[in-house]
Each structure stands twice: as C-alpha cells, then as structure tokens.
Amino acid sequence: MTEPLIAPVGTRRVFSGVQPSGALHLGNYLGALVKFVALQHEMECLYCVVDLHAITAWQDPKTLASQTREIAAAYFAAGVDPAKAIVFAQSAVPEHAELAWIFNCVARLGWLDRMTQFKEKSGKHKERASVGLYTYPVLQAADILLYKATHVPVGEDQKQHLELTRDIAAKFNHDFDAPGFFPLTEALIEGPGARIMSLRDGTAKMSKSDPSDQSRINLTDDADTIAGKVKRAKTDPLPLPETVEGLKDRPEADNLVGVYAALSGQTKAQVLAQYAGQGFGQSFKPALADILVERLSPVSAEMRRLMADPAEIDRTLAAGAARARALAAPILAQTKRIVGFTAGQ
Ligand code: AQP
C-alpha cells in the first residue's frame, strides 16, 4: 500500500487549481495533477480551473473557454474522478471574487511587494502589468479559504503564495477577533515532481510561458515530439555520476535524473545505480523518452477523447460548481457576518 500523502487528523479538505493559460506541461503534471489524483482517495478535494487567475495576463476570449475545458480534461485524463473530487471553473463560483475583495482589505501592500512571482511575471515593466496580477496571491488565498481548505497540493513555485494565505488567515482571525475561523492551510509540496526545470536551462522552472516550446514537454506532445525534445535537452559533457552528490552543480543532469525518478517511482540513487558512468545519449535519454511516452500518451489520448465532447465537460464543470457553491456560500455568509456587513446579519 502506498503511504498516505497527509496524516489522518481532524477535518481535512484539499483545494488546488491550475490556470487555463496554455498547454499543460510535465511540471504541472508531476507538481500538481499526480498529487490531485492520489489525494482524492484520502479526503474531500476541490480542483478548480482558475480562469479568474488566467485573465491577470491577456487571454484571447475566443479560446479561453476551450482552454478551460482542456485543463478540466487534463484533470480527468490524469485520473481525477469528478464523482469523488469537486471539479469546477472558478468564474462559475462568484464567492471567490467576493471573498478576494475582503482579503484585499486584509492583506498589506508590503506583503504583496515581496511576492517574487509578480516580479518574475511583470518583468521590467511592472507599471504595465494588470492590477489583477499584483493581487493574484490574494485571490489565491480566497480560493483556498472560501472552503476552509486545510491542504493545498502545489509545486514549489507556489510556496510563497501559500505562506501569504496563512498570513491573511491569521490577520483576519486576529483583526476580527475570530480565533481559528480560517485555518492555517498547509502546502503539500514534497514529492519527486515538486520542481521540474526547463529542458533548455536547468536553473529555470519548466513553464507554460517560456517562449521556447523545446523547454518543456507538453501533455499533448506526441511520441516523436517527446523523443526529439529529450534528445535535444541540454546536458553537460560529463557522464552520469555514481552518486546523488555527483549531481550537485549540474542542474540539467539533476533535473533529467529527477524526472526519470519521479516517473519510474524510483529514487535518484536507484536511477544512477542503473546509468552511472554512461553518457546521456547512450541509453539514459532514450529510456527517459520511453518512460515519458509511456506515462503521458494515455493521458493525452484520453484528453483528446474528452475534448471531442465539450458539452459533456461543461455539464461536469457545472455540476462541480453547484457542489462548490454549496460549500462556499455558508462560509462566505459567516465571513460577512464577522466583517459586519448587513448582508451577513
Ligand atoms: N516546473 C514546475 N514543476 C513543478 N510544478 C509546477 N507547477 C507549475 N510549474 C511547475 C505547478 O503546476 C500547478 C499549476 O500551475 P499554474 O498553471 O496555475 O501556474 P504556474 O505556476 O504559473 O504554472 P506555469 O506552467 O509555470 O505557468 P506560467 O508559465 O504562466 O508561470 C501549480 O501547482 C504549480 O506549482
């Protein structure tokens, strides 16, 4: 039996989401989707397609709905069961935006000024970034706390945002004299796929917004494309080392060995025991391509099948949104009462 991802204590609820801002990649799959599937067997889970987050950067209105369906299809194809987990689109549950406004008035500017993701995504021209991109982590806190979620499976890049969620919960509870009203949510980051790096640069995370498609393996890539990307993936001239310590200061090597380990359910040491002393191209890269194809092609085939019936995806998302609203409404009503709004009395 596999180890449970979290210890069985108290009332536990999971929330997480993915933005419909482009094709999903291996980092999203290992950092998020694989954990989503495992957790649905352990407790109540809400998995959202966070389209309100996606529009913090420009999204073509002609494609946003189909991108949203594609993320939902990726959840289902990866193994999320909509009869178990609640799967829905964020914009279908207006309570997210309402709680985000209250949290905008709880969070401090200084806290948001420290968010590294805003700095990375806004680049050199932060004055041209949307206000939504700046307050993105506040909406994320609302997503989570609207359901009083106790655990959030995410990749390592989201660690700082989860810390902010805890700060907002603690400040709300303190300022409104409501001890314990919002939980101090834990991020579930640990795991072999917590930080998958670019295939072109082992120091940059694999990302949807990287302009080079060669930097990532997309869930929808076919076998030839995957094999070509792995073959061209940056490495260094040294052979694979004997030990995990030997991967230090070799970010590309470390990343590829980590990906192989995550997909094969082995440790990096076990992978190295098999390939130490060999050049990357000899048998490691072909084996890595094989295991990627083996794991990802059933997911992409199932995504294609599901995407052929968009109306069915919409029905499933609508049913999920109704379940999500039933959980969110009383928590938001209580929050409004605590804040002192007449609508909450
Ligand atoms: N490289 C990664 N390794 C592990 N986990 C990752 N995640 C993203 N990249 C990696 C995790 O995937 C989930 C969904 O991410 P998202 O699409 O909502 O936002 P993101 O973190 O901004 O993802 P991207 O793909 O990198 O998009 P862009 O390029 O827009 O920044 C999250 O749990 C995230 O941690």
Side-chain angles (χ1 to χ4, degrees), residues 5 14-39 45-59 64 67-68 70-72 74-75 78 80 87 89-90 96 115-123 129-130 132-133 136-137 139-141 143-144 149 151-165 185-213 215-221 233 251-252 254-256 258-259 261-263 292:
L5 299 186
V14 165
F15 179 94
S16 197
V18 175
Q19 299 184 72
S21 53
L24 285 190
H25 54 72
L26 181 67
N28 303 131
Y29 178 71
L30 290 173
L33 299 194
V34 168
K35 290 183 200 157
F36 291 6
V37 176
L39 283 163
C45 294
L46 294 112
Y47 298 132
C48 190
V49 184
V50 289
D51 49 0
L52 297 180
H53 282 280
I55 64 161
T56 58
W58 173 251
Q59 302 299 327
L64 184 58
Q67 284 169 205
T68 300
E70 190 170 310
I71 301 296
Y75 288 176
V80 170
V87 180
Q90 189 184 23
H96 286 251
M115 295 296 115
T116 53
Q117 184 169 294
F118 175 75
K119 288 180 194 154
E120 283 157 19
K121 291 200 171 179
S122 60
S130 72
L133 187 66
Y136 181 116
L139 177 58
Q140 192 170 340
D143 298 338
I144 296 162
H151 295 84
V152 178
V154 275
E156 206 172 86
D157 57 324
Q158 294 299 322
K159 190 167 179 228
Q160 196 184 34
H161 289 172
L162 264 294
E163 280 160 10
L164 188 97
T165 297
T185 307
E186 275 178 50
L188 295 172
I189 294 174
E190 292 310 308
R195 191 163 172 78
I196 304 298
M197 310 310 280
S198 156
L199 299 180
R200 310 304 301 161
D201 173 1
T203 63
K205 87 166 182 145
M206 187 175 284
S207 163
K208 292 185 205 116
S209 52
D210 190 317
S212 166
D213 189 59
S215 70
R216 61 185 162 261
I217 305 283
N218 301 307
L219 287 196
T220 46
D221 284 344
E252 286 82 17
D254 187 31
N255 186 43
L256 294 185
V259 168
L263 290 169
L292 278 163

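Atoms within a ligand are numbered from 1 in the order they appear, just like the ligands themselves. Just so you know, these numbers come straight off a predicted model, no measurement behind them.
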Quick check against the 3.5 Å criterion: does Q59 have a side-chain atom that pairs as donor or acceptor with the backbone of L64?
no
Within 4.0 Å of some non-hydrogen atom of Q158, the atoms of ligand 1 are 21 (O), 35 (O)
If we count only N and O atoms by modelled type, under 3.5 Å, do the side chains of D201 and T203 hold a donor and an acceptor together?
yes
In Å, rounded to the nearest 0.5 Å, how long is the span from CG of D143 to CZ of F15?
4.5 Å
Heavy atoms only: which of A194, S21, A204 is nearest to atom 4 (C) of ligand 1?
A194
Aromatic ring pairing Y75/F36, orientation class (parallel under 30°, perpendicular over 60°, tilted between):
perpendicular
Just to verify, which of I71, V18, L39 counts as forming a side-chain contact (heavy atoms from CB on, under 4.5 Å) with Y47?
L39
What do you reckon, does Q19 have a nitrogen or oxygen under 3.5 Å from a nitrogen or oxygen of ligand 1?
yes
Purely on distance, is any nitrogen or oxygen of N28 under 3.5 Å from one on ligand 1?
yes
To the nearest 0.5 angstrom, please state how far the CG atom of L24 sits from the CD1 atom of I217.
14.0 Å
Atoms in ligand 1 with a heavy atom of R195 nearer than 4.0 Å
3 (N), 4 (C)
Going by atom types only, do H25 and D210 share a side-chain donor-acceptor pair under 3.5 Å?
no
Distance filter under 4.0 Å to K208 heavy atoms, resulting ligand 1 atoms
16 (P), 17 (O), 24 (P), 25 (O), 26 (O), 27 (O), 29 (O)
Using distance alone, determine whether P153 and ligand 1 share an N or O pair under 3.5 Å.
no
For ligand 1, is there an atom lying under 4.0 Å from some heavy atom of D157?
yes
Numbered atoms of ligand 1 (with element) below 4.0 Å of G31, judged on heavy atoms
4 (C), 5 (N)
Atoms in ligand 1 with a heavy atom of I196 nearer than 4.0 Å
1 (N), 2 (C), 3 (N), 4 (C)
Purely on distance, is any nitrogen or oxygen of K121 under 3.5 Å from one on ligand 1?
yes
Atom 25 (O) of ligand 1 sits nearest the protein heavy atom H25 NE2, 2.7 Å
Looking at ligand 1, would E120 count as a contact under a 4.0 Å heavy-atom criterion?
no
Main-chain N/O of Q19 paired with K208 side-chain donor or acceptor, under 3.5 Å:
yes
Check ligand 1 against G193 and write out every atom of the ligand that is under 4.0 Å from a heavy-atom position of the residue.
4 (C)
Quick one: does K205 get an N or O within less than 3.5 Å of an N or O on ligand 1?
yes
Judged by atom type as modelled, is there a donor-acceptor pair below 3.5 Å linking the side chain of T185 to the main-chain atoms of A149?
yes
Decide whether Q117 and Q158 meet the rule of one side-chain donor and one side-chain acceptor closer than 3.5 Å.
yes
Below the 3.5 angstrom mark, is there an N/O of G27, backbone or side chain, next to an N/O of ligand 1?
yes
Would you compute the distance between atom CG of L256 and atom CG of L199 and round it to the nearest 0.5 angstrom?
7.0 Å
How about P192 and L30: do any of their side-chain heavy atoms sit closer than 4.5 Å?
no
Give the numbers and elements of all ligand 1 atoms closer than 4.0 Å to a heavy atom of G155.
5 (N), 33 (O), 34 (C), 35 (O)
I'd like to check which ligand 1 atoms, numbered from 1 as shown, lie under 4.0 Å from a non-hydrogen atom of M206.
1 (N), 2 (C), 9 (N), 26 (O)
Side chain or backbone, does S207 bring an N or O within less than 3.5 Å of an N or O on ligand 1?
yes
